[in-house]
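Below, read A as the first sequence line, B as the second, and so on, with proteins coming before strands; counting in each chain starts at 1. The figures here come from the full heavy-atom set of this structure, side chains too, leaving out hydrogens, waters and symmetry mates. These numbers were taken from a predicted model, which means no experiment stands behind them.
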Amino acid sequence: MTVRFARAGFPYEAMFDKGDILERLDIAVHWGHYEIRVLRFHLTSFEPGRIINFHNHSTYEFHFIPRGAGRVILGDQPHSLSEGLLYLTGPGVMHYQEADGAQAMDELCLHVDIVRRPNPSVDPWEAAEAEECMQKLNALPLRPAADSHGAMPCFLQAYEACESKRIGYYTDIRMQVIGILLKTIQAYDSGDTGTEAPSRDMAAYRYDYAVRYMEANYTSGLRLEDVAEKLDLSPRQLQRIFRGVDRERPFSRVLEDIRLQAVCDRLRTGSLSIERIAELEGFSTAAYLHTVFRKRMGSSPSVYRKAKQSELHRHPADTPPGQIDHSPNEVNIYEPNV
DNA sequence: ATGTCGATTACTGGTCGCAG
DNA sequence: CTGCGACCAGTAATCGACAT
């Protein structure tokens, strides 16, 4: 039986109200190639002088002291416990716990089973990071450490999420479980890491971002400077990025391709006037559309429309709506003059 | 890797005239 | 009326060279 020694201002006090609320949940977290299943997840209080005799588990038990004092023997080494300390008892670690003779000792406990379950579809970066963390977890020294990275508040957050039943609370709780694992490792860790977070190929990312932005905004007089500004780059640097990705297609060419593709689409499937199409697809005038279209497609827009629409009538089943190849670079009788 | 500058080239927008 | 082509001046894009 546990006895509570409440004190005003103890942030975890609320966790005594529904002590087993987290344990009633079946919590499983997949992390890289590991599955972490929560067995116990609670706040408990040991009355003064209370002893938990030597025992061990086949699983991982994370212990945190949010209040009070006591003693733990890990293996054969005794250590004193005080507010703010944590320790881990991994599989097979014999341990003995005792609350101070004069004062109670509270303990936040997360008891988990961790099983390796290889999963080929897992993100390799996450897998590498989880692997490194598990190696560190298995090599943690058998001694208490200060909760320097704030693992204990994760207990309270998990409890509050569970109690509130707010949207996403199960995910929130699982994140707190991972948080407790990580912060425990960090409490012992020197800070060096063998794995790095995934980094982007910045040129490819910027190119992709720029093209997407152009596709979404090409009708509104888009300029190199506008796109560069979106990427927080100089126009010159954006030009270099376009040149680096595809030497043959600078900014203006990519923009022109996007516009021509839309024009071709309208010519093939609609009956809008050339002037109206030019207006809708970002060409200042029909005259300019004619110039560009002829240069790239080898014919005028109206000739193209006649040819494509008669083609559609001859082979309606070959080109269902929405699956028409309207690339300006298509190879046909109207191949653009590159 | 990125920014600035300057020379060069290409694009843009307006206008006009011609043809069907 | 619509589509098309030509012309021209202003603007934007391109790119090498150089600096940070």
Side-chain angles (χ1 to χ4, degrees), chain A residues 125 193 195-315 319 321 324-338:
Chain A
W125 292 95
T193 177
T195 57
E196 288 177 21
S199 57
R200 282 185 164 122
D201 174 343
M202 283 307 284
Y205 159 71
R206 284 169 166 159
Y207 180 83
D208 195 49
Y209 187 98
V211 172
R212 282 168 191 266
Y213 185 78
M214 289 159 72
E215 284 170 348
N217 297 280
Y218 71 91
T219 57
S220 57
L222 208 54
R223 294 171 312 156
L224 178 71
E225 194 181 342
D226 301 325
V227 184
E229 193 183 1
K230 275 284 157 204
L231 283 160
D232 202 22
L233 283 174
S234 66
R236 179 71 188 103
Q237 187 58 15
L238 184 58
Q239 284 176 335
R240 287 192 183 108
I241 287 167
F242 271 85
R243 194 174 169 78
V245 171
D246 187 345
R247 211 180 160 75
E248 306 302 317
R249 294 177 76 223
F251 171 84
S252 56
R253 176 63 180 263
V254 172
L255 185 59
E256 192 175 274
D257 283 350
I258 292 169
R259 286 175 170 160
L260 280 178
Q261 192 154 317
V263 168
C264 287
D265 211 7
R266 288 192 189 277
L267 288 171
R268 290 169 122 150
T269 57
S271 56
L272 288 172
S273 69
I274 308 293
E275 197 163 345
R276 181 73 180 131
I277 291 174
E279 187 187 329
L280 289 171
E281 303 304 349
F283 289 87
S284 50
T285 61
Y288 181 56
L289 172 57
H290 281 123
T291 307
V292 173
F293 200 93
R294 177 172 278 286
K295 185 186 76 183
R296 292 291 307 285
M297 305 299 288
S299 77
S300 68
S302 57
V303 172
Y304 177 91
R305 166 178 270 164
K306 277 177 199 149
K308 288 299 169 184
Q309 289 193 346
S310 66
E311 225 174 72
L312 267 179
H313 286 121
R314 278 202 308 277
H315 309 289
T319 50
I324 299 169
D325 172 18
H326 44 52
S327 162
N329 291 315
E330 64 193 339
V331 179
N332 59 20
I333 58 166
Y334 298 119
E335 197 172 356
N337 306 325
V338 186

Student: Report, as a single string ordered 5' to 3', how protein heavy atoms within less than 4.0 Å touch nucleotides 15-20 of chain B: B base, S sugar-phosphate only, - not at all.
Tutor: B-----
Student: Check the distance between C/dA12's P and A/E229's CD and give it to me in whole angstrom.
Tutor: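 Atom-to-atom, A/E229 to C/dA12, this comes out as 14 Å.
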Student: Inspect the contact between A/D208 and A/R212 and indicate whether a charged nitrogen and a carboxylate oxygen are less than 4.0 angstrom apart.
Tutor: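 Yes, this pair counts.
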Student: If I compare all heavy atoms of A/L238 with all of A/A210, which pair ends up nearest, and what's the gap?
Tutor: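 A/L238 and A/A210 have their closest heavy atoms at CD1-CB, 4.3 Å.
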Student: Taking all atoms of both residues into account, what is the closest heavy-atom pair of A/L231 and A/R206, and its distance?
Tutor: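 For A/L231 and A/R206, the tightest heavy-atom pair comes out as CD1-O, 3.7 Å.
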Student: Nearest whole Å is fine: how far is C/dA12 C1' from A/M214 CE?
Tutor: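 Checked: the CE to C1' distance equals 14 Å.
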Student: For nucleotides 7-11 of chain C, which of its nitrogen or oxygen atoms have a protein nitrogen or oxygen under 3.5 Å away, and what is each distance?
Tutor:
none

Student: In whole angstrom, give the distance that lies between atom CG of A/D226 and atom C1' of C/dA13.
Tutor: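 So the CG-C1' distance, A/D226 to C/dA13, works out to 13 Å.
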Student: Write out a two-atom table: protein N or O, nucleotide N or O from nucleotides 14-20 of chain C, distance below 3.5 Å.
Tutor:
unit_1, atom_1, unit_2, atom_2, d
C/dT14, OP1, A/F251, N, 3.1
C/dT14, OP1, A/S252, N, 2.8
C/dT14, OP1, A/S252, OG, 2.9
C/dT14, OP2, A/Q239, NE2, 3.4
C/dC15, OP1, A/R243, NH1, 2.9
C/dG16, N7, A/R236, NH2, 3.0
C/dG16, O6, A/R236, NE, 2.9
C/dA17, N6, A/R240, NH2, 3.1

Student: Evaluate salt bridge (charged side-chain N to carboxylate O under 4.0 Å, His left out) for A/D226 paired with A/K230, printing each intermediate quantity in order.
Tutor: CA-CA 6 Å; A/D226 301 325; A/K230 275 284 157 204; over 6 Å; no
Student: In the structure I gave you, are the side-chain heavy atoms of A/V254 and A/Y207 within less than 4.5 Å of one another anywhere?
Tutor: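 SC-SC contact between A/V254 and A/Y207 confirmed.
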Student: Please report, rounded to the nearest Å, how far the P atom of C/dA13 is from the CD atom of A/E256.
Tutor: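 Result: 13 Å.
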Student: With rounding to the nearest 0.5 Å, note down the distance linking CZ in A/R223 to CG in A/L255.
Tutor: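 Here the interatomic distance stands at 12.0 Å.
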Student: Nearest whole angstrom, please: distance from the P of C/dA12 to the CG of A/L238.
Tutor: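 Going from CG in A/L238 over to P in C/dA12 covers 16 Å.
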Student: Rounded to whole angstroms, how far apart are CG on A/L231 and C1' on B/dA1?
Tutor: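 Taking atom C1' of B/dA1 as the reference, CG of A/L231 is at 15 Å.
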Student: Taking the side chain as every heavy atom from C-beta outward, state whether A/M214 and A/F251 have any atom pair closer than 4.5 Å.
Tutor: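 Yes. Closest side-chain heavy atoms under 4.5 Å.
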Student: In whole Å, I'd like the distance from the OH atom of A/Y205 to the P atom of B/dA1.
Tutor: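 Computing the A/Y205:OH to B/dA1:P distance gives 17 Å.
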Student: Is it true that atom CD of A/E225 has more than 12 heavy atoms of other residues, nucleotides or ligands lying nearer than 6.0 Å?
Tutor: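 No - once you tally the heavy atoms of other residues, nucleotides and ligands closer than 6.0 Å, there are 12 at most.
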Student: Distance from A/S234 atom OG to A/R240 atom CZ, nearest 0.5 Å?
Tutor: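 One finds 6.5 Å between OG of A/S234 and CZ of A/R240.
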